[in-house]
Amino acid sequence: MPELSSLAMSFGAAAREYDRYRVGPSARMLDWLLPAGCPSVLDLGAGTGLLTRWLAERVEDVVAVEPDARMRRVLTGVCPRATVLHGFGERIPLPDARVAAVTVSSAWHWMDPALTLPEIARVLTPGGSLGILYTRRDRRVPWVDVLDAYVHDEMGNDDWIGDLIQRMSDGPWLPDGVPFAPPQAHVVTWTAELTVEEVVAMFATYSRYIALPDGQKRELADLIEAKVRETAEMRDGLVVMPMICHGWRTRLTAS
């Protein structure tokens, strides 16, 4: 069984909060990401189904693969149309040529591309598509950058996912020799209106926050709330949070 880090498997401890407070990907990204008339799709590393439920509205045959049983329980409840399976990117529990498309939403950093891409190629039909996307607060907006930098600093971690997104945006990132066409990139932006409490709760779904002792969690939540109230753009008592979804799509060129 492929081993995931303790951080990767920490989200299940807050699975319901993750599903409630994380802002999911934009449906507009799927207009660009999914092939027209796509008959079947695998949502790989599906988590609680923030993307899976959008896919189920557009695709008849939806499979969701997720390694954490706690996340799968939430996913099954919110998206009963999907077939939900235990599995990993490095070992997908599907037969060859099973789906026309594979999506990975905010989970690519937990997978080993050298092992995962051959598995994705195996389960795709000829010419099938792979779409990778990341949804996050838009740190190009100054106050969002200040808030995010503060939270990352208080949690003691760097924005390594942001660094990954930047590397994927700067140029070719697929390993040599994989049977996929050069990926295309696309960006969608929008704003989400959230209460201050919802913003704090969103940060509380970070893996490093989940791993903290309860006392430190309460202390950090108070600090984050104060920083949100100090920095955020507000309208009618709500935080107007700029969001951005980065997407990449590619097609299988050989099997």
Side-chain angles (χ1 to χ4, degrees), residues 2-11 18 22-26 29-30 32-33 42-48 50-52 65-68 71 88-92 101-121 129-141 144-178 180-190 202-203 205-211 241-251:
E3 291 188 5
L4 297 182
S5 73
S6 59
L7 288 178
M9 294 297 286
S10 67
F11 297 106
Y18 187 103
R22 285 287 181 114
V23 178
S26 168
M29 179 58 80
L30 291 188
W32 179 82
L33 204 64
L42 162 63
D43 192 16
L44 188 58
T48 62
L50 294 175
L51 176 61
T52 315
V65 167
E66 164 57 39
D68 192 308
M71 303 290 269
F88 305 85
E90 297 83 353
R91 192 171 69 198
I92 300 172
V102 173
T103 58
V104 183
S105 179
S106 298
W108 187 247
H109 54 289
W110 298 123
M111 302 178 191
D112 182 344
L115 299 176
T116 299
L117 285 165
E119 273 290 270
I120 290 173
S129 71
L130 166 62
I132 297 173
L133 58 156
Y134 276 94
T135 303
R136 64 200 323 255
R137 293 166 300 282
D138 191 346
R139 291 190 67 170
R140 299 174 304 177
V141 177
V144 178
D145 187 50
V146 169
L147 176 62
D148 269 35
Y150 174 83
V151 173
H152 282 292
D153 185 60
E154 287 295 324
M155 290 188 187
N157 65 305
D158 297 323
D159 185 15
W160 52 287
I161 295 178
D163 293 340
L164 172 64
I165 291 171
Q166 188 62 55
R167 291 196 302 273
M168 293 174 70
S169 301
D170 284 344
W173 50 268
L174 288 176
D176 292 337
V178 296
F180 289 95
Q184 300 171 295
H186 185 58
V187 168
V188 173
T189 60
W190 72 103
M202 176 169 52
F203 282 117
T205 64
Y206 279 29
S207 56
R208 288 190 181 276
Y209 184 99
I210 295 168
M241 181 65 73
M243 301 296 301
I244 186 167
C245 185
H246 298 267
W248 295 267
R249 69 182 182 188
T250 179
R251 285 191 174 276

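All values derive from a computational prediction rather than experimental measurement.
Not a single donor-acceptor pair under 3.5 Å links the side chain of Glu119 to the backbone N or O of Gly89. In terms of modelled atom types and a separation under 3.5 Å, the side chain of Glu90 and the main chain of Thr116 share no donor-acceptor contact.
Taken from CG in Leu147 to CZ in Arg139, the straight-line distance is 9.0 Å, to the nearest 0.5 Å. Distance CD1/Ile161 to OG/Ser106: 7.5 Å, rounded to 0.5 Å. Between atom CG of residue Leu130 and atom CG of residue Leu117 there is a gap of 7.0 Å, rounded to the nearest 0.5 Å. With rounding to the nearest 0.5 angstrom, the CG atom of Leu30 is 7.5 Å from the CG atom of Leu133.
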*Might you work through the side chain to side chain contact (heavy atoms under 4.5 Å, CB included) test for Trp190 and Val23, ending with a clear yes or no?*
CA-CA 11 Å; Trp190 72 103; Val23 178; 4.0 Å; yes

_side chain to side chain contact (heavy atoms under 4.5 Å, CB included) assessment of Val104 paired with Met111_ = CA-CA 10 Å; Val104 183; Met111 302 178 191; 3.8 Å; yes

*Ile165 vs Trp160, side chain to side chain contact (heavy atoms under 4.5 Å, CB included): CA-CA, chis, key distance, verdict*: CA-CA 9 Å; Ile165 291 171; Trp160 52 287; over 6 Å; no

*asked:* Before you tell me yes or no, could you show the steps for Ile132 and Trp173 under side chain to side chain contact (heavy atoms under 4.5 Å, CB included), namely the whole-Å CA-CA distance, both residues' side-chain angles and the distance that decides it to 0.1 Å?
replied: CA-CA 12 Å; Ile132 297 173; Trp173 50 268; 3.5 Å; yes

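The heavy-atom pair separating Thr52 from Ala46 by the smallest distance is OG1-CB, 3.7 Å. The minimum heavy-atom distance between Ser105 and Leu51, with the atom names listed, is CB-CD2, 3.6 Å. Closest approach of Thr135 and Pro25 over heavy atoms only: OG1-CA, 3.2 Å. Of all the heavy atoms in Gly247 and Met29, the pair that sits closest is N-CE, 3.5 Å. Of all heavy-atom pairs spanning Pro175 and Pro113, the tightest one is CG-CB, 4.3 Å. Nearest heavy atoms, Ile120 versus Trp108: CD1-CZ3, 4.1 Å.
Counting heavy atoms from C-beta outward, Phe180 and Arg251 have side chains that stay 4.5 Å or more apart. Residues Trp248 and Met168 have side chains in contact (heavy-atom distance under 4.5 Å, counting atoms from C-beta outward). Side-chain contact between Tyr18 and Met71: present, with at least one pair of heavy atoms (C-beta onward) separated by less than 4.5 Å. With contacts defined as side-chain heavy-atom distances shorter than 4.5 Å, the pair Thr48/Glu66 does not qualify. Counting only heavy atoms from C-beta outward, the side chains of Arg249 and Trp32 approach each other to under 4.5 Å. Inter-residue side-chain proximity for Thr103 and Asp43 is flagged as met; some heavy-atom pair is nearer than 4.5 Å. Put simply, the side chain of Val188 does not reach to within 4.5 Å of the side chain of Ile244, judged on heavy atoms. In this structure, Arg136 and Met243 have side chains that are not in contact, with every pair of non-hydrogen atoms separated by 4.5 Å or more.
Side-chain N/O atoms of Arg22 and Thr205 include a donor and acceptor closer than 3.5 Å.
Below 30°, between 30° and 60°, or above 60°: for Tyr134 and His109 the angle between ring planes is between 30° and 60°, a tilted geometry.
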